[in-house]
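What you are looking at is a predicted structure, and each value in this text was computed from that prediction instead of being measured. In what follows, chains are A, B, ... by sequence order, proteins preceding strands, each numbered from 1.
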There are 2 protein chains.
Amino acid sequence: MMNKPLTIGHLARAADVNIETVRYYQRVGLIQEPHKPATGYRVYPAETIDRIKFIKRAQPLGFSLQEIAELLDLGDGHCDDVRLHAEEKRDQIDQQIRDLTALKKTLDKLITACQSENDASHCPIVETLAGNNNKGTYNT
Amino acid sequence: MMNKPLTIGHLARAADVNIETVRYYQRVGLIQEPHKPATGYRVYPAETIDRIKFIKRAQPLGFSLQEIAELLDLGDGHCDDVRLHAEEKRDQIDQQIRDLTALKKTLDKLITACQSENDASHCPIVETLAGNNNKGTYNT
DNA sequence: ATAAGGTCTGTACTTAACAACAGACTTTGA
DNA sequence: TCAAAGTCTGTTGTTAAGTACAGACCTTAT
């Protein structure tokens, strides 16, 4: 028996996205649309599943499709150029991790305070993250 | 001499957002609109600056305005309820940190490989973040 | 061999998160 | 004082990231 060709519907299912999302990603160039065979439907390479999953995991981390495309393109260029971009991305991610860690710490404190004693009337969440300690450290 | 009242324009500048953004946040309930005095313009409390800054820093971390509202509301409820929500948020943030850390590691490897020279023709970024690989298999 | 269901091309609708006016009113600075 | 600049209310426009069809065509299972 033949194993089933990975047509768009199966691809969408495997990557757990709407079929229209796949088409959309093709339109904006995030994934490549395979050639349409003389007869029949388009067949996708299995790697496309991983590519879409990557996209879907990167989005809730705060990356736009544009930024994700840049990440995905990192493997393609020439070394020097790639390294520069990769370093830039890494620094950006580093900052995100720092911000999230600070936020987490604040939540932990809030949770602890809540457990130990009462009067959770006001919490320092806003002050912590609004903090002047790191003003406008984001680039791009 | 009087110090200037914090009207909407000054607020926007202080928080480094468009004035329309402030109005938008009011419309959706993220920040409270002060009462309009009998005569003159609305005056905002200084905390609103921090609140907006918080919002603007939380967004690129992947939080929607809806989620940010939930974070900001954490300080308001009653202890038991608050703790549950806070713990949920903290776990979510924890996951985000893990994901970002993994991504950073991948980038670091790419950078190192790139430095130690030669062919960066292929990098493992996609595979890494695509997570629990069900490689080549998909269900119908 | 034919009905059911998947795919194709194209267009249109949706939601979140703003940004941009218009036209009237209010405050401020020279 | 009076023009420039800021504010108010309300409406409309914009971009990103999808989602939803319609109508024709293709494949597969019965």
Side-chain angles (χ1 to χ4, degrees), chain A residues 1-45 48 51-72 140, chain B residues 1-45 48 51-72 138-140:
Chain A
M1 92 194 199
M2 287 196 70
N3 55 355
K4 284 182 218 167
L6 188 58
T7 55
I8 194 167
H10 295 288
L11 169 61
R13 253 170 182 288
D16 197 29
V17 296
N18 191 299
I19 195 172
E20 302 295 340
T21 302
V22 177
R23 297 200 218 273
Y24 175 69
Y25 288 172
Q26 286 173 165
R27 280 206 298 286
V28 300
L30 253 176
I31 65 179
Q32 212 200 317
E33 186 169 21
H35 280 140
K36 194 183 170 185
T39 175
Y41 303 149
R42 268 173 260 264
V43 172
Y44 294 78
T48 308
R51 198 170 170 99
I52 295 175
K53 281 186 177 175
F54 174 81
I55 296 167
K56 278 299 160 190
R57 287 181 64 90
Q59 278 185 313
L61 299 178
F63 296 97
S64 68
L65 291 186
Q66 189 53 244
E67 291 170 320
I68 292 167
E70 284 164 27
L71 278 172
L72 287 168
T140 56
Chain B
M1 104 191 205
M2 288 191 67
N3 55 357
K4 284 184 216 164
L6 187 58
T7 56
I8 194 166
H10 292 108
L11 169 61
R13 214 160 313 121
D16 197 28
V17 294
N18 190 298
I19 194 171
E20 301 295 339
T21 302
V22 177
R23 297 201 219 273
Y24 175 69
Y25 287 171
Q26 287 173 164
R27 280 206 298 286
V28 300
L30 254 175
I31 64 179
Q32 214 199 317
E33 185 169 21
H35 279 143
K36 195 183 169 185
T39 175
Y41 302 149
R42 268 173 259 266
V43 171
Y44 294 78
T48 307
R51 200 170 168 99
I52 295 175
K53 281 187 176 173
F54 174 81
I55 296 167
K56 278 298 160 191
R57 290 188 61 87
Q59 278 184 311
L61 299 178
F63 297 97
S64 68
L65 290 186
Q66 189 51 244
E67 290 171 321
I68 292 167
E70 284 165 27
L71 278 171
L72 286 168
Y138 58 95
N139 43 16
T140 42

Worksheet item: Considering residues at least two apart in sequence or located in another chain, which fulfil the side chain to side chain donor-acceptor pair (under 3.5 Å) criterion with A/Thr48?
Response: none
Would you list the atom pairs, donor with acceptor, under 3.5 Å between side chains in residues 21-32 of chain A and any protein atom, with sequence neighbours excluded?
| residue | atom | partner | partner atom | Å |
| --- | --- | --- | --- | --- |
| A/Tyr25 | OH | A/Lys56 | NZ | 3.4 |
| A/Gln26 | OE1 | A/Tyr44 | OH | 2.5 |

Item to complete: Output, in order, the C-alpha distance, side-chain angles, deciding distance and verdict of side-chain contact (heavy atoms from CB on, under 4.5 Å) for B/Leu65 and B/Gln59.
Response: CA-CA 7 Å; B/Leu65 290 186; B/Gln59 278 184 311; 3.4 Å; yes
Worksheet item: At what distance, to the nearest 0.5 angstrom, does CG of A/Leu11 lie from CD1 of A/Ile52?
Response: 4.0 Å
Worksheet item: Roughly how far, to the nearest 0.5 Å, is the CD1 atom of B/Ile19 from the CZ atom of B/Arg13?
Response: 8.0 Å
Worksheet item: Hey, where on DNA chain C does chain A first and last touch, going 5' to 3'? Cut-off is any atom under 4.0 Å from a heavy atom.
Response: C/dG5 to C/dT9
Discussion item. Once salt bridge (Lys or Arg N to Asp or Glu O under 4.0 Å) is applied, do any residues pair with B/Glu67, and if so which ones, sequence neighbours excluded?
Written reply: none
Worksheet item: Considering heavy-atom distances to DNA chain D, does B/Glu20 or B/Thr7 have its closest nucleotide positioned more toward the 5' end?
Response: B/Thr7
Fill in: Where A/Lys36 and A/Arg42 come nearest, the two heavy atoms and their spacing
CB-NH1, 3.6 Å
Fill in: 5' priority, DNA chain C, between A/Gly40 and B/Gly40 [closest heavy atom]
A/Gly40
Item to complete: Work out how much the helix from C/dA1-D/dT30 to C/dA30-D/dT1 bends between its end axes, five pairs an end, to the nearest 10 degrees.
Response: 10°
Worksheet entry | Partner residues of A/Pro60 under the side-chain contact (heavy atoms from CB on, under 4.5 Å) criterion, sequence neighbours left out | none
Discussion item. Within residues 22-36 of chain A, which residues have any heavy atom lying less than 4.0 Å from an atom of DNA chain D?
Written reply: A/Tyr24, A/Tyr25, A/Arg27
Fill in: For B/Glu70, side chain to side chain donor-acceptor pair (under 3.5 Å) partners two or more places apart
B/Lys89
Item to complete: Give me the first and last nucleotide of DNA chain D, going 5' to 3', that has any atom under 4.0 Å from a heavy atom of chain B.
Response: D/dG6 to D/dT9
Fill in: Minimum heavy-atom distance B/Pro5-B/Val43, with the two atoms named
CB-CG2, 3.8 Å
